[in-house]
*Asks:* 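Can you keep this structure in mind? I'll have questions shortly.
We count ligands from 1, going down the list as the structure has it; atoms in each ligand are counted the same way. This chain uses plain numbering: 1 for the first residue, then up along the sequence. Fair warning: this is a prediction, and the values are worked out from it, not measured in the lab.
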Amino acid sequence: MTEQKPVTEAQATAVPKVPTLPDAQTVTEVQHYTDRLFSFKCTRPATLRFRSGEFVMIGLMGDPDPKTGKQKPLLRAYSIASPSWDEELEFYSIKVQDGPLTSKLQHIKPGDEIILRPKPVGTLVHDALLPGKRIWFFATGTGFAPFASLLREPQTYEDYDEVIITHTCREAGELTYGRNIIDSLKDDELLNEVIGEGFWKKIKYYPTTTREESAKMGRITDLINSGEAYKDLGVEPLCPQNDRAMICGNLAFNLELKDMLEAAGLEEGANSKPAQYVVEKAFLD
Ligand SMILES: Cc1cc2nc3c(=O)[nH]c(=O)nc-3n(C[C@H](O)[C@H](O)[C@H](O)COP(=O)(O)OP(=O)(O)OC[C@H]3O[C@@H](n4cnc5c(N)ncnc54)[C@H](O)[C@@H]3O)c2cc1C
Ligand SMILES: NC(=O)c1ccc[n+]([C@@H]2O[C@H](COP(=O)([O-])OP(=O)(O)OC[C@H]3O[C@@H](n4cnc5c(N)ncnc54)[C@H](OP(=O)(O)O)[C@@H]3O)[C@@H](O)[C@H]2O)c1
């Protein structure tokens, strides 16, 4: 994306600020979706290189120690939701009301600073998968974040004929961030230019809810086991020859889906040994 974008008011006020935190980055945009979910963008360190799908440690300074008065950084793992080519970084976050980090992070505004340790890592990367025809991105809750990055990564469409993204949440409002990303893809200048107009026809989006009514209800695991998801999507069942998969959700979901993929004959891959699927926790339980 070489086109010059207009500088927003938030960016204009953010740029001249002198960083005061170690590894400080400046927040440029914040958007809230529900009382439990928000996303934000921040400046990207010029030296930061990462692969779409990786995560970094981000955070804020913790409260002063009551004895010494010293403050320590309070850091948590976060998937980078923006693609590797983007000028800014984007994150999609939970708000845990008594969570050490997110009880504070949920109040950030443009111009504020966050701490970002520039050491990206992770298994949800194309390098950890062998070539295939179709890629499945399986997400629950904030586990959508790494796929928000990979869905905007040209390699996803260069490597695969079909891209299926499933997102299971409790409530319909929790699908909004993901839906907005999917909707924005049609107009993505870089992808239209690099992959070609109509690239988005490769994408099949399958959002489901479990505790509030929506167009499709049920856990993706159950919908696959019953064959309903395959029927809805108009695809053949998972097979090791054609399918590759990335999983990012709560632990029980990850384990259940992992078992299902193994039963279908897919093997787990890693950066050091690419195979047919990869998995990462969306949060620690
Ligand atoms: C590899 C990895 C990548 C991650 N990427 C993201 C991300 O992109 N976005 C994000 O919001 N979180 C992500 N997390 C979780 C994140 O690291 C923190 O746990 C989260 O920000 C809450 O921090 P906290 O200090 O407020 O509460 P914590 O003390 O960390 O968590 C308190 C409790 O809140 C619940 N919880 C924590 N995170 C989530 C979540 N994401 N969704 C639902 N419940 C949760 C858990 O039950 C946890 O025990 C990731 C975790 C890992 C291990
Ligand atoms: N989402 C909320 O409104 C809400 C509100 C307050 C507190 N919390 C707390 O926040 C934490 C995380 O909640 P969350 O909603 O973000 O994430 P979550 O509990 O991981 O649920 C996200 C989605 O994953 C589904 N799921 C869970 N286990 C699965 C499995 N084994 N296989 C397939 N699908 C599975 C859930 O379906 P099911 O609904 O069938 O479990 C839900 O649709 C929980 O501790 C929760 O108690 C959540």
Side-chain angles (χ1 to χ4, degrees), residues 30-42 50 52-63 72-82 89-108 114-117 119-125 138-150 166-178 181 206-214 216-226 229 246-261 278-285:
V30 183
Q31 208 171 336
H32 292 266
Y33 304 93
T34 71
D35 58 353
R36 298 185 65 248
L37 294 167
F38 73 113
S39 69
F40 63 93
K41 291 184 183 176
C42 68
F50 69 96
S52 293
E54 288 188 312
F55 67 90
V56 284
M57 302 300 291
I58 65 168
L60 298 168
M61 285 310 267
D63 292 332
K72 276 200 253 164
L74 177 56
L75 302 172
R76 292 285 184 268
Y78 267 81
S79 297
I80 303 174
S82 44
L89 297 174
E90 181 179 318
F91 297 96
Y92 179 47
S93 180
I94 193 78
K95 306 176 199 174
V96 183
Q97 289 320 323
D98 56 355
L101 178 66
T102 58
S103 58
K104 293 180 179 162
L105 192 70
Q106 63 182 283
H107 300 297
I108 53 167
I114 61 152
I115 303 167
L116 186 144
R117 293 276 190 257
K119 292 201 175 73
V121 285
T123 53
L124 302 180
V125 290
F138 292 108
T140 64
T142 57
F144 190 90
F147 305 133
S149 172
L150 285 155
T166 83
H167 192 196
T168 301
C169 294
R170 294 181 180 203
E171 295 168 14
E174 296 171 340
L175 296 169
T176 306
Y177 173 77
I181 297 282
Y206 198 65
T208 77
T209 57
T210 50
R211 304 200 191 187
E212 188 185 35
E213 194 144 348
S214 72
K216 193 78 208 174
M217 298 216 39
R219 290 178 166 194
I220 186 63
T221 41
D222 296 338
L223 292 162
I224 286 186
N225 282 330
S226 70
M246 297 195 189
I247 308 171
C248 191
N250 69 64
L251 181 63
F253 166 79
N254 285 5
L255 293 176
E256 207 173 316
L257 205 44
K258 207 168 132 78
D259 282 351
M260 288 167 57
L261 295 183
V278 280
V279 58
E280 202 156 80
K281 281 182 211 161
F283 57 90
L284 296 176
D285 272 314

*Asks:* Record the part of T168 in heavy-atom contact with ligand 2 below 4.0 Å; permitted values are side chain, backbone, both and neither.
*Replies:* both
*Asks:* Please determine whether any non-hydrogen atom of A282 lies less than 4.0 Å from an atom of ligand 1.
*Replies:* yes
*Asks:* How close does the nearest protein non-hydrogen atom get to atom 45 (O) of ligand 2, and which residue and atom is it?
*Replies:* R170 NH2, 4.8 Å
*Asks:* Using a strict 4.0 Å cut-off to heavy atoms of E174, name the atoms of ligand 2 that fall inside it.
*Replies:* 1 (N), 2 (C), 3 (O)
*Asks:* Hey, which atoms in ligand 2 end up nearer than 4.0 Å to a heavy atom of A252?
*Replies:* 31 (N)
*Asks:* Any N or O on S103 sitting closer than 3.5 Å to an N or O of ligand 1?
*Replies:* no
*Asks:* When you look for heavy atoms under 4.0 Å from ligand 1, do you find them on the side chain of A77, its backbone, both, or neither?
*Replies:* both
*Asks:* Using distance alone, determine whether C169 and ligand 2 share an N or O pair under 3.5 Å.
*Replies:* yes
*Asks:* Short N/O distance, under 3.5 Å, between F55 and ligand 1?
*Replies:* no
*Asks:* Among all protein heavy atoms, pick the one closest to atom 9 (N) of ligand 1 and tell me residue, atom and distance.
*Replies:* Y92 O, 2.8 Å
*Asks:* Looking at ligand 1, does any of its N/O atoms fall within less than 3.5 Å of an N/O of K281?
*Replies:* no
*Asks:* Backbone, side chain, both or neither: what part of V96 comes under 4.0 angstrom of ligand 1, heavy atoms only?
*Replies:* side chain
